[in-house]
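In what follows, a single structure is set out as structure tokens and then discussed.
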Amino acid sequence: MEILIATHNEHKKEEIQQILPDYKITSLRDYQLFDEIVEDGDSFEVNAKIKAEYCFQKTGKASLGDDSGLVVPALDGRPGIYSARYAGDHDFKANIQKVLQEMEGVEEREAYFITVLCLIDEGKEEYFEGRVYGTLKREPSGNQGFGYDPIFIPKGEELTFADMSTEEKNKISHRANALKKFLAYLKK
Ligand code: ITT
């Protein structure tokens with residue numbers, strides 16, 4: 001069975017494919033859809049829905065939007081829904097530097113990643129949320145993964161997500177936790 005992910009982010013597509021090996025995971029690129037989707041919602045839910053709706057309207061296929069981000073309570077929840085463009089548009093290094101600068105001298109280093117998935121199909125709109133809690137390292141470490149992975153150490157671990165193999169990250173990540181709920185829904 002195919003699951004169409006409303007994303008331009010190939011890292012996400014690869015992670016989702018690894019987490020759901022029994023499904024054929026496709027993305028916007030596979031449908032030659034290169035428009036920028038304007039994610040101007042004020043929550044992860046709204047943005048996930050915007051992506052899924054765009055995809056469903058264009059293809060008529062059951063579409064899954066993934067809106068994710070890093071939430072830092074000591075920064076009043078930032079970067080949050082602004083994670084992709086916090087300092088520069090998908091400039092992972094600049095975004096990490098901005099978070100580290102804002103966290104200078106801050107002792108409370110708890111943070112979490114969140115993924116909200118929105119499934120849109122004929123007459124259907126469903127949401128699935130996953131989180132992973134952890135702490136922020138003081139300098140980046142590792143070169144696996146993407147985004148803020150080099151500064152995020154999941155609870156109970158010593159390595160950052162970027163120090164881990166994709167397989168290890170995918171066992172415990174926010175995205176994996178949301179996809180588990182999605183799978184349970186599919187199997188209902
Ligand atoms: P699409 O909208 O096309 O799916 P995107 O990268 O813009 O791709 P988001 O709007 O969900 O996706 O933005 C998420 C940003 O949050 C992303 O660019 C990363 O900086 C960060 N992020 C999301 N998931 C992450 C993960 O698993 N590890 C590290 N950073 C992540």
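Indexing begins at 1, ligand by ligand and atom by atom, following the structure's order. Positions are given from 1, in the same order as the sequence printed here.
Looking at atom 16 (O) of ligand 1, its nearest protein heavy atom turns out to be S83 CB, 3.3 Å. Scanning all protein heavy atoms for the shortest distance to atom 7 (O) of ligand 1 gives H90 NE2, 2.7 Å. At the shortest separation from atom 20 (O) of ligand 1 among protein heavy atoms lies Y148 CE1, 3.4 Å. What sits closest to atom 6 (O) of ligand 1 on the protein, heavy atoms only, is N9 ND2, 3.0 Å. Protein heavy atom nearest atom 3 (O) of ligand 1, with residue, atom name and distance: H8 N, 2.8 Å. Closest to atom 12 (O) of ligand 1 among all protein heavy atoms lies K12 NZ, 2.9 Å. Nearest protein neighbour of atom 2 (O) of ligand 1, counting heavy atoms only, is K51 NZ, 2.7 Å. When hydrogens are left out, the protein atom nearest atom 1 (P) of ligand 1 is T7 OG1, 3.4 Å; that is the closest non-hydrogen contact.
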Using residues 145-156 as the side-chain source, report each donor-acceptor pair under 3.5 Å to any protein atom, sequence neighbours left out, with the distance given to one decimal.
residue	atom	partner	partner atom	Å
Y148	OH	S83	O	2.7
D149	OD1	K169	NZ	3.4
D149	OD2	F146	N	3.0
D149	OD2	K169	NZ	2.9

Side-chain donor-acceptor pairs of residues 54-61 under 3.5 Å, sequence neighbours excluded:
residue	atom	partner	partner atom	Å
Y54	OH	D35	OD2	2.8
T59	OG1	C55	O	2.8
T59	OG1	K61	N	3.1

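Here the straight-line distance linking atom CD of E15 with atom CG of N9 works out to 8.5 Å at 0.5 Å rounding.
At least one N/O-N/O distance between H174 and ligand 1 falls below 3.5 Å. Between R85 and ligand 1, no pair of N/O atoms sits closer than 3.5 Å.
Look at L70 and you'll find every heavy atom at least 4.0 Å from all atoms of ligand 1. Within the 4.0 Å heavy-atom cutoff, D66 counts among the residues contacting ligand 1. Residue contact annotation: F161 has no non-hydrogen atom under 4.0 Å from ligand 1. For H11, the heavy-atom gap to ligand 1 stays at 4.0 angstrom or more.
Atoms of ligand 1 found under 4.0 Å from any heavy atom of D67 (numbered from 1 in listed order, with element): 9 (P), 10 (O), 11 (O). Against a heavy-atom cut-off of under 4.0 Å, K169 is close to the following atoms of ligand 1: 26 (C), 27 (O), 28 (N). Listed by number with element, the atoms of ligand 1 under 4.0 angstrom from any heavy atom of E39 are 2 (O), 10 (O). Counting atoms of ligand 1 from 1 in the listed order, those under 4.0 Å from a heavy atom of F146 are 22 (N), 23 (C), 24 (N), 25 (C), 26 (C), 27 (O), 28 (N), 29 (C), 30 (N), 31 (C).
Judged by distance alone, with hydrogens and angles left aside, the side-chain atoms of D67 form no donor-acceptor pair with the main-chain N or O of V116 at under 3.5 Å. Using a distance-only test at 3.5 Å, with no hydrogens or angles considered, a donor-acceptor pair links the side chain of R109 to the main chain of M103.
A salt bridge is absent between K124 and E126; no separation between the charged side-chain nitrogens and carboxylate oxygens falls under 4.0 Å. Ion pairing between E39 and K51 holds under the 4.0 Å rule for side-chain N and carboxylate O.
For atom 13 (O) of ligand 1, the choice among P150, A84, G147 with the nearest heavy atom turns out to be A84.
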